[in-house]
**Student:** 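Sharing a structure below in structure tokens format, with a few things to ask.
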Amino acid sequence: MEKKRIATLSFNDGTPQIELPIMSGTLGPDVIDIRNLAKTGMFTYDPGFLSTASCSSSITYIDGDAGHLYYRGYPIEQLAEKSSYLEVCYLLLNGELPSEADSEKFEREIKRRTMVHDQLMSFYKGFRRDAHPMAVMVGVVGALSAFYHDSLDISNPEHREVSALRLIAKVPTIAAMCYKYNIGHPFMYPNNKLGYVENFLYMMFATPCEEYAANPRIVKALERIFILHADHEQNASTSTVRLAGSSGANPFACTSAGIAALWGPAHGGANEAVLKMLDEIGDVSQIPKFVARAKDKKDSFRLMGFGHRVYKNMDPRARVMRETCYEVLAELGLQNDKLFEMAMELERVALQDEYFIERKLYPNVDFYSGIVLKALNVPLNMFTVIFAIARTIGWISQWNEMISDTERKIGRPRQLYRGPVKRDYRPSRERE
Ligand code: CMC
């Protein structure tokens with residue numbers, strides 16, 4: 001029998017030492033189980049969770065040093081090349097790739113839920129037309145909780161499944177409606193004859209006045225973006241979904257919390273920020289100036305689309321997206337477009353610069369996905385919304401895994417308090 005590994009924590013102030021078991025997963029670094037530590041009256045301090053595994057999970061594995069990403073054990077490169085987004089959704093949610101029959105059934109179950117309640121449509125009128133679509137997404141996805149009282153018992157696996165299907169099916173419809181509302185066009189109902197990604201493009205770009213057929217290469221590029229963004233283990237938005245869900249909140253409310261966390265420019269908002277940055281740079285000749293600013297510690301400017309908390313090697317999603325980026329630019333004849341030339345030059349300069357090499361700051365997936373979405377004519381303020389559509393399956397799969405986990409506890413981190421010590425209240429006339 002394998003010997004149990006133990007870490008011993010000792011103190012130099014007479015506090016008795018404490019033994020902490022070491023746990024191993026199927027892949028990746030071992031973790032020290034610190035649950036016993038609280039008995040000493042002490043806690044660990046780890047802002048940003050740089051050294052903390054917040055849960056155990058069987059969904060997604062990342063090796064940031066080697067640049068590997070697996071969904072349920074399958075390398076992302078294989079899924080991006082051979083699979084479809086809905087197949088990946090099934091895999092993330094259920095743990096295995098579907099058989100043909102399972103696949104057909106899953107697609108049918110999604111398709112019959114793509115429409116949204118008519119009453120939900122009137123929610124949009126409460127928003128300003130120029131509201132950021134992510135703001136509308138937070139509100140409308142959260143509002144789904146108000147429509148599905150029949151499936152909100154989170155302890156019932158069938159309810160959880162129906163909620164997952166509803167979210168996968170309805171989020172693209174809600175997202176396309178955000179765009180239509182923004183530009184003042186009528187909403188387009190889903191067309192269930194189309195595939196999942198094509199249907200989203202249809203709801204975004206079709207109008208009731210004309211026939212619309214999406215370019216198959218655009219469908220393929222967007223499908224790839226969806227697959228690459230489907231899950232990414234315990235990132236900020238997923239951890240938000242888990243934390244919100246740990247209290248027993250319903251999956252629609254938790255997904256809305258995930259969308260809010262995704263919006264930030266350090267996370268999913270980066271794809272939009274990349275394009276804004278390129279716009280600000282303005283010309284290839286200005287790149288050295290902006291790279292110098294990114295390296296200047298006194299300047300808060302960072303190169304958007306570069307760096308990653310976990311990947312200290314090329315992000316494998318970025319490698320696949322880079323390929324797609326070049327394919328799409330060639331297909332659409334955009335290689336010589338000023339903006340894309342600037343992006344490619346920035347990539348070249350940063351990859352050769354000592355500052356970026358030393359800190360292992362490679363272009364990340366959002367650098368390339370931002371460029372691809374721009375080439376596909378997706379409006380800038382919809383970039384992060386597209387990330388949110390793709391990530392919905394990751395959030396709901398992780399939420400479902402957490403709810404099924406017998407070790408689940410409400411998430412309740414502690415703190416190192418640095419505020420005033422106890423003091424007594426004094427009336428205002430006695431305060432100086
Ligand atoms: N430009 C310039 N310097 C950078 C950048 C950047 N984009 N990213 C990190 N650094 C520097 C940082 O200043 C620090 O330098 P030093 O060691 O001299 O103090 C060092 O690299 C480490 O940075 P950090 O902020 O401690 O790293 P982190 O793991 O906390 O942050 C990050 C990761 C992704 C938030 C950060 O790299 C960043 O802000 N990147 C730009 C935003 C971006 O592209 N985000 C999308 C991430 S991928 C999509 C997703 O998964 O959501």
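Note that the structure is predicted; figures quoted are calculated from it, not measured. As the structure lists them, so they are numbered: ligands from 1, and atoms in each ligand from 1.
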**Student:** Taking the six-membered ring where the residue is Trp, are the ring centres of F252 and Y148 under 6.0 Å apart?
**Tutor:** yes
**Student:** What is the nearest protein non-hydrogen atom to atom 52 (O) of ligand 1, stated with its residue, atom name and distance?
**Tutor:** H267 ND1, 2.6 Å
**Student:** What part of R359, side chain from CB on, backbone N/CA/C/O, both or neither, has a heavy atom under 4.0 Å from ligand 1?
**Tutor:** side chain
**Student:** Answer yes or no for L303: is there a heavy-atom contact with ligand 1 below 4.0 Å?
**Tutor:** yes
**Student:** Any Lys/Arg nitrogen of E109 or R113 sitting under 4.0 Å from an Asp/Glu carboxylate oxygen of the other?
**Tutor:** yes
**Student:** Below a 4.0 angstrom heavy-atom separation, can you tell me which part of K297, side chain or backbone, both or neither, approaches ligand 1?
**Tutor:** side chain
**Student:** Check this for me: does any side-chain nitrogen of one of E327 and R217 sit under 4.0 Å from a carboxylate oxygen of the other?
**Tutor:** no
**Student:** Take atom NZ of K374 as the centre, draw a 6.0 Å sphere, and report whether it contains more than 12 heavy atoms from other residues, nucleotides or ligands.
**Tutor:** no
**Student:** What residue and atom, counting heavy atoms only, is the protein's closest point to atom 2 (C) of ligand 1, and at what distance?
**Tutor:** A294 O, 3.6 Å
**Student:** Under 3.5 Å, is there a donor-acceptor pair between the side chain of T114 and the main chain of I110?
**Tutor:** no
**Student:** Hey, is L361 touching ligand 1 through its side chain, its backbone, both or neither, going by heavy atoms under 4.0 Å?
**Tutor:** side chain
**Student:** What protein heavy atom sits nearest atom 49 (C) of ligand 1, and how far away is it?
**Tutor:** D366 OD2, 3.0 Å
**Student:** If you measure from the Lys or Arg side-chain nitrogens to the Asp or Glu carboxylate oxygens, is any gap between R35 and E407 under 4.0 Å?
**Tutor:** yes
**Student:** So which heavy atom in the protein is nearest atom 11 (C) of ligand 1, and how far is it from that ligand atom?
**Tutor:** Y355 OH, 3.5 Å
**Student:** Does CE in M42 sit with more than 12 non-hydrogen atoms of other residues, nucleotides or ligands closer than 6.0 Å?
**Tutor:** yes
**Student:** Starting from atom 41 (C) of ligand 1, which protein heavy atom do you reach first, and at what distance in Å?
**Tutor:** F306 O, 3.4 Å
**Student:** Between F367 and ligand 1, find which residue part has any heavy-atom pair under 4.0 Å and reply side chain, backbone, both or neither.
**Tutor:** neither
**Student:** Among protein heavy atoms, which sits nearest to atom 51 (O) of ligand 1, and what does the distance come to when rounded to 0.1 Å?
**Tutor:** H308 NE2, 3.4 Å
**Student:** Can Y311 and H232 be said to form a ring pair (Phe, Tyr, Trp, His ring centres under 6.0 Å), step by step?
**Tutor:** CA-CA 11 Å; Y311 294 116; H232 212 224; 5.3 Å; yes
**Student:** Is there at least one pair of N or O atoms, one from A270 and one from ligand 1, spaced under 3.5 Å apart?
**Tutor:** no
**Student:** Scan the protein's non-hydrogen atoms and note whether one is under 4.0 Å from atom 27 (O) of ligand 1.
**Tutor:** no
**Student:** Looking only at atom types and distance, does a side-chain atom of Y196 sit under 3.5 Å from a main-chain N or O of S84, one as donor and one as acceptor?
**Tutor:** no
**Student:** Assess the pair F123 and H117: is the distance between their ring centroids shorter than 6.0 Å?
**Tutor:** no
**Student:** Can you report which non-hydrogen protein atom sits closest to atom 33 (C) of ligand 1, along with the distance?
**Tutor:** R309 N, 3.7 Å
**Student:** How far is atom 25 (O) of ligand 1 from its nearest protein heavy atom, and which residue and atom name does that atom have?
**Tutor:** R302 NH2, 2.9 Å
**Student:** What I want to know is whether N364 and ligand 1 share at least one N or O pair that is separated by under 3.5 angstrom.
**Tutor:** yes
**Student:** Do you see a protein non-hydrogen atom under 4.0 Å from atom 22 (C) of ligand 1?
**Tutor:** no
**Student:** Quick check: does A266 get an N/O under 3.5 Å from an N/O on ligand 1?
**Tutor:** yes
**Student:** For a 4.5 angstrom cut-off between non-hydrogen side-chain atoms, does M344 reach C325?
**Tutor:** yes
**Student:** Any heavy-atom pair between the side chains of L86 and Y90 that's under 4.5 Å?
**Tutor:** no
**Student:** With heavy atoms of G305 as the reference, note each atom of ligand 1 found under 4.0 Å away.
**Tutor:** 43 (C), 44 (O)
